[in-house]
Amino acid sequence: QVQLVESGGELVQAGDSLRLSCAASGRDFRTYKMGWFRQAPGKEREFVAAMAWSGVSTAYADSVKGRFTLSIDNAKNTVYLQMNSLKPEDTAVYYCAAVRAFGIPTMTSAYAYWGKGTLVTVAS
């Protein structure tokens, strides 16, 4: 069992930066792959980025490549999503997720554990 708690979402202006945090706890959570997903109003939940705790392997959605960056603080058991050059279309509830898997899964259905989400609103 893995517990995930997201934080950091807020209202920002287009072009601003924001860093989301995902605090992980539970048994053997460092053996899991960690993902970020988002869900905009009226839309399906979509993949944003994912990585292994080692930090060696990462994956990003095309829509965020070059703008969003994942990082890990092992001392704090926390995964971060640094979001730069934010656009209004980045507005969504952002969720942290975890799964034990080979590779870096990008499908929503692959992930077993989810946080409750944090809202990011980007004003134009």
Side-chain angles (χ1 to χ4, degrees):
Q1 192 82 9
V2 175
Q3 293 79 43
L4 305 170
V5 179
E6 305 95 332
S7 62
E10 63 180 82
L11 171 64
V12 297
Q13 298 296 314
D16 284 354
S17 296
L18 194 62
R19 189 178 76 167
L20 304 183
S21 302
C22 172
S25 61
R27 185 170 181 170
D28 299 327
F29 64 86
R30 288 201 179 91
T31 64
Y32 287 71
K33 305 300 170 56
M34 304 298 295
W36 283 96
F37 292 78
R38 66 186 182 186
Q39 189 165 17
K43 294 188 177 181
E44 292 188 356
R45 195 169 298 188
E46 64 176 7
F47 171 75
V48 174
M51 70 186 301
W53 274 99
S54 65
V56 173
S57 300
T58 59
Y60 294 92
D62 288 343
S63 58
V64 306
K65 274 182 185 175
R67 299 190 299 125
F68 291 11
T69 304
L70 288 165
S71 63
I72 284 182
D73 185 332
N74 281 292
K76 295 183 178 180
N77 300 333
T78 298
V79 178
Y80 298 103
L81 181 67
Q82 177 66 43
M83 305 186 295
N84 298 329
S85 303
L86 282 162
K87 305 175 182 179
E89 51 262 44
D90 294 318
T91 294
V93 176
Y94 283 71
Y95 297 91
C96 181
V99 64
R100 267 206 185 114
F102 291 107
I104 305 294
T106 61
M107 293 181 63
T108 306
S109 58
Y111 284 77
Y113 299 100
W114 293 84
K116 293 184 178 181
T118 185
L119 176 62
V120 174
T121 304
V122 184
S124 57

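It should be emphasised that the depicted structure is a prediction, and the values quoted were computed from it without experimental measurement.
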Would you check if the side chain of [X] reaches a backbone N or O of [Y] as a donor-acceptor pair within less than 3.5 Å?
X: R100; Y: A112; answer: no
X: T121; Y: T91; answer: no
X: W36; Y: C22; answer: no

Applying a strict under-4.5 Å side-chain criterion to I, L, V, M, F, W and Y, I'd like to know whether [X] and [Y] cluster together.
X: M51; Y: Y95; answer: no
X: W53; Y: V99; answer: no
X: Y32; Y: L81; answer: yes
X: Y113; Y: F47; answer: no

Could you pull out the closest heavy-atom pair between [X] and [Y], with the gap in Å?
X: P105; Y: A50; result: O-CB, 4.0 Å
X: Y60; Y: A49; result: CD2-CB, 3.6 Å
X: T78; Y: S21; result: CG2-CB, 4.0 Å
X: V2; Y: L4; result: CG1-CD2, 3.7 Å
X: A40; Y: A92; result: N-CB, 3.7 Å
X: K33; Y: G103; result: NZ-O, 2.7 Å

Side chain proximity check, [X] to [Y], heavy atoms < 4.5 angstrom:
X: V93; Y: R45; answer: no
X: Q1; Y: R27; answer: no
X: E6; Y: L20; answer: no

query: For A97, which residues count as a side chain to side chain contact (heavy atoms under 4.5 Å, CB included) partner, sequence neighbours excluded?
result: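 Only F37, Y111, W114 meet the side chain to side chain contact (heavy atoms under 4.5 Å, CB included) criterion with A97.
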Just verifying a value: how many Å separate [X] [atom1] and [Y] [atom2], rounded to the nearest 0.5 Å?
X: L119; Y: L11; atom1: CG; atom2: CG; result: 9.0 Å
X: T69; Y: Q82; atom1: OG1; atom2: CD; result: 7.0 Å
X: D73; Y: Y80; atom1: CG; atom2: OH; result: 4.5 Å
X: R19; Y: S7; atom1: CZ; atom2: OG; result: 9.0 Å
X: Y94; Y: Q39; atom1: OH; atom2: CD; result: 12.0 Å
X: I104; Y: T106; atom1: CD1; atom2: OG1; result: 10.0 Å

field: Lys/Arg-Asp/Glu bridge criterion (N-O < 4.0 Å) met for K87, D90
entry: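 Not counted as a salt bridge, because no side-chain N and carboxylate O are separated by less than 4.0 Å.
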